[in-house]
Amino acid sequence: MLRGLRSYLREARSQKGMFLLSAIFWIFFIVFLIYPISYTFYRSFFVGGKFTLSMYKLMFSDSTYYGLIINSLKLATITTVLTFLIGFPLAFAMVRYEFPLKGTLQSLMLLPFIVPPFVSAIGMMKILGTYGSLNTLLLRLGIIHEPVNWLGSGFPAIVLMQVLHLYPIMYLNIAAALANIDPTLEEAAQALGASGLRLIRTVVIPLSMPGIFAGASIVFIWSFTDLGTPLMFFYPKLVSVQIFKYSTEFRTNVMAYVLIVVVLLIVTAIFLGMKLVIGRKSYAMMGRGHVAPKVRRISGAKGWLLAGAIVVLLLISVLPHISVALLAFAKVGSWYKSLVPTAFTLDNFRNIRALESTEHTLTSIKNSLYYSLFAMLIDIALGVGIAYYVNRSRLPDRHPIDALTMWPLALPGIIIAFGYLAAFHFPILDAWRNPVPLLIVAYAIRRMPYSVRAISAGMQQVHAAFEEAAQSVGAHPLRAVKDIVLPLIVANVLAAGVLVYAESMIEVSASLILAAKPEQFPMTKTIYVLHTMPQGSDYVASAMGLILMLVIGASMVLSSRIMGRRMGEIFKV
Amino acid sequence: MRLRLEGVRKFFGDFEALKGISFEVDHGELFFILGPSGCGKTTTLRVIAGFYIPDEGRVYFDDRDVTFTPPYKRNIGMVFQYYALWPHMTVYDNVAYGLKIRGLPEREIRERVRWALELVKLEEHAKKYPNQLSGGQQQRVALARALVVEPQILLLDEPLSNLDAKLRIEMREEIKRLQNRLKITTVYVTHDQMEALSMADRIAVMNDGLIMQIGTPVELYRKPRNRFVASFIGEINMFEGELVGREGDFAVVELDGNTVKGVPTAEIPHSRVAVAFRPEAASVVKEGGGGNVLEGEVESSMYYGSKETVFVKTDFGMVKVEMFNPRGRVARRGERVRVVFDPSDTIVLP
């Protein structure tokens with residue numbers, strides 16, 4: 001013990017730079033992660049300085065409260081099951097079969113995941129609305145005689161938007177698991193007489209469980225805590241929406257804290273459960289790498305049919321985005337009882353400027369560009385620092401630091417944002433008076449895991465001996481990092497930066513909860529505000545949405561160019 | 001520059017990698033650290049380089065205590081096992097880097113890089129990137145990069161382990177030639193005993209975090225002081241026996257009824273001893289023979305032209321004998337023979 005401590009002190013002494021880095025990380029994590037979350041817990045248990053469980057009792061006895069949780073769980077469950085039903089066959093087809101257009105389709109697979117349903121919901125409403133494209137089409141074809149309310153209460157629409165957005169994540173995780181299955185295991189089952197669906201049910205699905213669980217938990221948590229989509233469909237009966245509503249009364253409303261703690265516990269349980277299952281189920285695969293995965297060729301009509309089905313799926317998933325693009329160029333009121341807009345114009349873009357005086361539309365674009373830039377810089381600094389620390393340090397806290405870095409994967413945006421709003425009332429960090437710094441940090445914290453992963457992937461390629469060689473010929477460790485490490489990981493740093501930038505531009509929950517004054521709004525909040533305004537504002541909102549989509553699309557193309565095949569890795573658990 | 005380590009201990013968590021290492025390397029000496037993998041030889045080298053700070057003990061360069069001096073202030077040159085050439089720099093830039101760090105004027109850098117590249121015969125390849133070079137060439141660049149800064153101490157960590165056998169032998173001579181010419185104090189870590197025997201001025205044999213013996217190649221081969229060194233370096237026949245007395249410089253050992261004599265190489269604290277002799281120090285005869293004699297039956301015999309290798313089964317184990325320049329087949333399978341070896345070629349170990 002004493003020897004261990006002495007050894008640690010010696011180590012800290014020989015790695016002074018590491019020691020300093022570690023101190024910076026700990027301060028950052030304590031201030032921006034541990035403190036706000038702990039504060040939220042504290043507020044839910046202590047009313048007027050006294051410990052009480054009364055608010056929890058109230059929550060679990062009043063159906064208006066626990067009903068929200070149940071409804072949100074219902075939404076997440078339905079979404080998860082549906083994404084699995086799309087994602088599994090899709091992954092199976094992509095991994096096991098060779099068919100026309102496969103390469104192209106594979107590279108387009110992430111497309112629906114790029115833009116959040118928050119923006120494309122406006123487009124979906126124009127398609128599924130009472131006077132939208134679908135009803136127009138069906139009426140014209142004589143299939144229906146009265147317009148149908150496809151959006152219903154909003155709940156089915158939310159499910160649809162979430163499924164169309166999230167099935168690529170399910171696909172990605174299952175495909176990775178399927179690719180890792182040793183084909184000889186299946187051959188063994190076939191030799192014993194299993195085939196077709198039975199083979200899939202008894203061998204393939206159990207063996208791909210790690211991937212299924214990983215994908216399912218991401219989708220479930222995402223759907224369960226999604227704020228943007230329900231808000232756009234004006235659907236209130238979800239816990240995320242309720243927390244958003246409570247965010248204006250965070251000082252007095254204790255129920256908000258209780259709801260957050262319950263959500264956090266559910267999400268954490270799912271995340272840890274998934275980790276446990278994956279840890280236990282990662283079966284040792286014998287002979288991996290020796291036997292090439294079996295890819296069967298489907299040619300002719302059958303192959304084209306499969307390709308066609310995937311094309312249709314992709315088309316349906318980008319339909320809302322296309323619709324947003326159309327709306328952005330449509331004359332106000334021209335998409336009404338018609339298949340597509342009947343008149344096109346650039347007015348909506350001009351109106352972005354015209355609305356500046358009342359809605360700060362231009363300012364919001366500028367704000368988003370700036371906030372994302374700072375979030376990107378923070379994440380690059382953290383990403384380089386943490387990736388370096390975790391890969392190089394011999395100090396014993398690199399595992400806790402690694403774990404804390406990945407925590408935001410299981411920390412919904414609404415919880416971080418509400419935690420900041422409630423916990424920071426200090427002279428320098430005041431969420432009420434000036435939320436901008438906290439908004440930027442919230443953006444950065446939420447995308448930190450991706451940034452660290454992207455940069456870590458590069459760090460792992462840079463052997464420690466590269467730096468030691470530089471030190472041995474006289475370079476100070478910092479100089480060695482600058483001259484040797486940074487040039488070798490610059491591609492990963494760029495990719496991480498672009499990714500964080502794009503993801504910050506489209507961040508919804510922290511933007512909606514933290515930004516209070518219109519002149520501080522980022523684009524997403526302005527789009528939401530425009531969406532809640534009377535007819536016509538949706539067209540301007542779409543024009544802004546299109547700008548967002550273009551920025552994000554360009555960023556994604558850029559970062560996947562830089563990262564190549566490793567791009568998908570970043571979005572896995 | 002003289003190098004001295006005093007009682008160096010190093011822990012990794014609970015694992016004691018170095019259990020008290022002391023030795024001294026003379027100015028201009030080519031000093032080897034030899035041992036099996038995991039014995040602590042690379043850890044020792046990294047302590048000398050400054051990448052590890054020992055938990056106990058001291059490191060001196062001449063009389064300067066450098067125990068806590070960071071690597072970049074030690075003025076060392078180091079060649080890594082996988083060369084660690086920077087892939088984003090040309091050969092020239094790799095070699096020039098240490099000089100740029102030192103802020104030398106551009107002209108001097110150019111001259112010294114040219115000198116270093118000529119030294120390793122790579123002046124033609126200055127503009128290439130490491131991945132355009134063969135393994136042997138990369139090795140030479142690593143050497144040039146370490147030498148160009150005129151280090152006080154050159155450290156080599158298994159520098160030849162990634163080369164093919166032929167190239168390895170060529171590089172042995174080359175490194176030896178360079179070291180001789182530059183008269184630079186050098187510590188060379190390897191697990192390859194032939195490398196150590198053929199190149200070293202002196203060798204430290206390590207095992208399990210301890211130095212087992214330090215000596216010249218001849219001393220280590222002829223007079224190993226313990227069983228580990230005896231069996232680690234070269235081949236040896238070794239048998240347990242009982243010390244029964246002394247005859248002048250020789251110890252008399254009882255080996256299952258046979259009495260043999262040998263030279264003790266270390267203090268012998270108890271009567272349980274090992275008797276050891278090299279295969280090439282013995283010969284097989286049908287009858288007669290003086291000195292030490294062991295009787296047995298030929299298990300197998302192989303003829304290689306330059307030598308004949310005979311395995312003889314005795315009452316206490318198999319004996320290997322190598323006879324050089326054989327004029328004909330000496331022994332055939334199943335024959336009763338006598339293995340004879342001189343007491344002065346026999347060692348007795350505690």
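Letters A, B, ... mirror the listed sequences (proteins, then strands); counts begin at 1.
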Quiz prompt | Distance in Å, Arg394(A) CZ paired with Tyr52(B) OH, rounded so as to fall on 0.5 Å steps | solution = 5.5 Å
Self-check item: Contact origin within Arg102(B) toward chain A - heavy atom pairs under 4.5 Å
Solution: side chain
Practice problem: Would you name the heavy atoms of Phe80(B) and Ser472(A) that are closest together and state the gap between them? | Solution: CE1-OG, 4.3 Å
Practice problem: Give me the contact list for residues 474-491 of chain A versus chain B, heavy atoms only, anything under 4.5 Å, ordered by residue number. | Solution: Gly474(A), Ala475(A), His476(A), Pro477(A), Arg479(A), Ala480(A), Asp483(A), Ile484(A), Pro487(A), Leu488(A)
Self-check item: Heavy-atom proximity to chain A below 4.5 Å, by part of Leu155(B)
Solution: neither
Quiz item: Above 12 or not: heavy atoms from other molecules or residues under 6.0 Å from OH of Tyr35(A)?
Solution: yes
Self-check item: Segment of Arg46(B) engaging chain A (4.5 angstrom heavy-atom cut-off)
Solution: side chain
Quiz item: Of all heavy-atom pairs between Phe466(A) and Trp86(B), which one has the smallest distance, and what is that distance?
Solution: O-NE1, 2.7 Å
Quiz item: Is it the side chain or the backbone of Ala470(A) that comes within 4.5 Å of chain B heavy atoms, both, or neither?
Solution: both
Quiz item: When only pairs under 4.5 Å are counted, which of Pro70(B), Ala84(B), Gly98(B), Gly50(B) shares the most heavy-atom pairs with chain A?
Solution: Ala84(B)
